[in-house]
Trainee: 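My questions will all concern the structure given below.
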Protein chains: 2
Amino acid sequence: MTELPPDLARMKDCSQCPIRHRAVCARCEPDELSRLEEIKYYRTFEAGQPILWAGDRMEFVASVVSGVAALTQTMEDGRRQMVGLLLPSDFAGRPGREIAKFDVTAVTKTTLCCFRRKPFEHLLETTPHVSQRLLEMALDELDAAREWMLLLGRKTAREKIASLLAIIARRASINGDTRGGNVEIDLPLTREAMSDYLGLTLETVSRQISALKKEGVIELQGKRRVMIPDMRTLMAEAGDDEDGGALL
Amino acid sequence: MTELPPDLARMKDCSQCPIRHRAVCARCEPDELSRLEEIKYYRTFEAGQPILWAGDRMEFVASVVSGVAALTQTMEDGRRQMVGLLLPSDFAGRPGREIAKFDVTAVTKTTLCCFRRKPFEHLLETTPHVSQRLLEMALDELDAAREWMLLLGRKTAREKIASLLAIIARRASINGDTRGGNVEIDLPLTREAMSDYLGLTLETVSRQISALKKEGVIELQGKRRVMIPDMRTLMAEAGDDEDGGALL
DNA sequence: CGGTTCCCTTGATCCGTGTCAAAGTACGGA
DNA sequence: TCCGTACTTTGACACGGATCAAGGGAACCG
């Protein structure tokens, strides 16, 4: 339950956390940080491992330290749609909610910095800047969800793939300087996870990636490593009118 | 700019507002209410009228008093996707954002209670419970957006229509007692707006509605009025595993 | 009253993506 | 090394929804 990954065990408080818990630490006073310390613990999940099922009681909210996790929804007959992609520094869990509404799964090996939910909610009520920060993050996610809705509702398979690659390239590059030259990215997702993200089948994902490769829009180095010779052509394929937005 | 619809002109403060501005008034002290009074004004838009274009400067955030408005995104070639449906008591606009990211349009004649953005943001920073309330609302919208993503990515045309009808029935009925018997709803949306919502063409929307009618799942009284003999069969058609969620 | 406009319905056909099937590839364990 | 498993690629075909096209009905207005 309270496993400490070796490289995290030495961290004394949130301010030393590699991602600084975007959500909660940015402007915390020392006494607030120490209150965070009391209610936090780390957990690590292997790739493919479920973190939480919809309907489960939520004991914690969490900040992703490393790895990739996904929020998904599944229909009775098995149709599945990813509705959230959690990358390092993203926040998971809804304060005030007892019962999980979505499945949460580790896509790659994932480490979470968890905060016990009840005391975290109390902190939220008594520390204005935390709820303000959380509001900002929720609104960012909402923007991302809305871009995603355009993708799901109106884009072609080819545009969906190009959009996803652009999104990952944008998030993966430390700074936002992905516009010009060539970029290399590691795909943290299997073809199946990509299909869940994009509302496609994995066969269609595979076919479209092959097509983009054949036409020189991307180059594959192994199944999971992608080189993008020219970011602009990829963006053009994505069909975004602006320069891509911040789709998560 | 500061038009006062006759039936609203007599309202002295937010606490008399028909919807009580879910976002901001629930727990306001008298002096906070008076600060809200100073920065608010009403605006009314005719059906079809644009409220704001993506890229416009946002002078206000607003609460929907009456009518229906929509957030939409449009691609260069004209493909359009609705990404938000604003019903009375919903909040529009993002505090902290200068430039609108989505188009906002009045679907029916709509009255907004607007708050000048800058002073509203100041209020937000100095009044913790307002940002807490806004956080709750943002998280509700995020949940709705995620249900919507499942709809867009994985549901069939028929399921999409049934889901939309269920959503509107749920929101339209004052209390949530829509589960059992027959329900009548006014469709505030044209076929085209429905198609924008659902990621379909208007022809497909029309065909599926006709099909549901022929099979007795719904009955039409005019184009815009729908009677649902049995809410449960409709929900079954919608393909939701639970009892429908709160999809906005 | 007829004409115009807007919205809706229905039909015929086409195409993109899903479905089903089979083979290829990488990786870890015995 | 060989096998088993998980993931990916590719092919053939089917089908749902898009597209193109025509026409109906109601509201509004001269």
Side-chain angles (χ1 to χ4, degrees), chain A residues 46-49 75 77-81 105-109 151-164 186-215 218-226 237 239, chain B residues 46-49 75 77-81 105 107-109 151-165 186-215 218-226 237 239:
Chain A
E46 294 303 317
Q49 198 182 343
M75 296 173 68
D77 59 6
R79 280 175 284 173
R80 191 163 68 232
Q81 177 65 51
T105 318
V107 175
T108 65
K109 183 173 179 177
L151 179 151
L152 290 171
R154 294 304 187 189
K155 288 190 180 178
T156 65
R158 186 187 177 93
E159 289 169 334
K160 286 179 175 181
I161 297 288
S163 298
L164 176 56
D186 272 314
L187 275 184
L189 307 176
T190 65
R191 299 289 182 264
E192 189 180 23
M194 293 172 75
S195 73
D196 287 342
Y197 185 105
L198 299 170
L200 297 170
T201 59
L202 67 91
E203 292 95 330
T204 299
V205 169
S206 181
R207 272 188 254 272
Q208 295 297 335
I209 288 179
S210 299
L212 288 174
K213 177 185 166 190
K214 187 151 51 185
E215 296 170 34
I218 59 173
E219 286 167 32
L220 293 186
Q221 285 136 20
K223 310 281 184 200
R224 294 293 189 86
R225 188 153 186 87
V226 181
E237 293 288 347
Chain B
E46 293 305 316
Q49 198 181 345
M75 296 173 69
D77 60 5
R79 280 175 284 173
R80 191 163 66 232
Q81 176 64 53
T105 318
V107 176
T108 65
K109 183 173 179 175
L151 178 151
L152 289 172
R154 297 301 188 190
K155 289 190 178 176
T156 65
R158 187 187 176 94
E159 288 168 336
K160 286 178 175 182
I161 298 287
S163 298
L164 177 56
L165 292 176
D186 272 315
L187 276 183
L189 306 177
T190 64
R191 299 290 183 261
E192 189 181 23
M194 293 172 75
S195 72
D196 288 341
Y197 185 106
L198 299 170
L200 297 170
T201 58
L202 67 92
E203 292 95 329
T204 300
V205 170
S206 181
R207 271 187 255 272
Q208 295 298 335
I209 289 180
S210 298
L212 288 174
K213 177 184 167 191
K214 186 151 53 185
E215 295 169 35
I218 59 174
E219 286 167 32
L220 294 186
Q221 285 135 20
K223 311 281 182 196
R224 297 292 190 85
R225 188 153 186 88
V226 181
E237 293 287 349

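Quick note on labels: first sequence line is chain A, next is B, and so on, each numbered from 1.
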Trainee: Mind calculating the distance between CG (D77(B)) and P (dA18(D)) to the nearest angstrom?
Mentor: 15 Å

Trainee: For a quick check, tell me whether the side chain of E192(B) and the base of dC8(C) share a donor-acceptor pair closer than 3.5 Å.
Mentor: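 Answer is no: no donor-acceptor pair is held.
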
Trainee: If you pin S206(A) and R154(A) to their nearest nucleotides in DNA chain D, which one's is more 5'?
Mentor: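 Counting from the 5' end, the first nearest nucleotide belongs to S206(A).
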
Trainee: Counting heavy atoms from C-beta on, name the nucleotide in dC8(C), dT17(C), dT9(D) closest to the side chain of Q208(A).
Mentor: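 The answer is dT17(C).
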
Trainee: Considering only side-chain heavy atoms of L200(B), which listed nucleotide, dT9(C), dT8(D), dG17(D), is closest?
Mentor: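 The nucleotide sitting nearest to the side chain is dG17(D).
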
Trainee: In Å, rounded to the nearest 0.5 Å, how long is the span from CD of E203(A) to CD of E192(A)?
Mentor: 10.0 Å

Trainee: Let me know the distance between CE of M194(B) and C1' of dC8(C), rounded to the nearest Å.
Mentor: 12 Å

Trainee: Once you apply a heavy-atom cut-off of 4.0 Å, does G48(B) come out as touching a base, just sugar-phosphate, or nothing?
Mentor: nothing

Trainee: With nearest nucleotide decided by heavy atoms, which residue, R207(A) or R224(A), maps closer to the 5′ end of DNA chain D?
Mentor: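 The 5'-side residue here is R224(A).
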
Trainee: Give a yes or no on whether a salt bridge exists between E219(B) and K213(B), defined as a side-chain N under 4.0 angstrom from a carboxylate O.
Mentor: no

Trainee: For the pair made of NZ in K214(B) and P in dT9(C), what is the distance, rounded to whole Å?
Mentor: 13 Å

Trainee: Any side-chain heavy atom of T204(B) sitting closer than 4.5 Å to one from I161(B)?
Mentor: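 Sidechains of I161(B) and T204(B): no contact.
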
Trainee: Measure CG/L220(A) against P/dT8(D) and give the value in whole Å, please.
Mentor: 11 Å

Trainee: Base, sugar-phosphate alone, or nothing: which one does T201(A) contact when heavy atoms must sit under 4.0 Å apart?
Mentor: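 The residue T201(A) makes base contact.
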
Trainee: Round to the nearest Å and state the distance from I161(A) atom CD1 to dT9(D) atom C1'.
Mentor: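 After rounding, the reported distance stands at 14 Å.
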
Trainee: What I want to find out is whether K160(B) reaches E237(B) closely enough, with some N-O distance under 4.0 Å, to be called a salt bridge.
Mentor: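 The answer is no: the pair does not qualify as a salt bridge.
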
Trainee: Which listed nucleotide (dG11(C), dG17(D), dT8(D)) is nearest to the side chain of T204(B)?
Mentor: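 Output: dG17(D).
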
Trainee: Assign G222(B) to base, sugar-phosphate, or nothing according to its heavy-atom contacts below 4.0 angstrom with the strands shown.
Mentor: nothing

Trainee: Would you indicate whether the side-chain heavy atoms of R79(B) and T156(A) approach each other to under 4.5 Å?
Mentor: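 The answer is yes, as the side chains (C-beta and beyond) meet within the 4.5 Å cut-off.
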
Trainee: May I have the distance from E203(B) (atom CD) to dC15(C) (atom C1'), rounded to whole angstrom?
Mentor: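 Answer to the nearest Å: 15 Å.
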
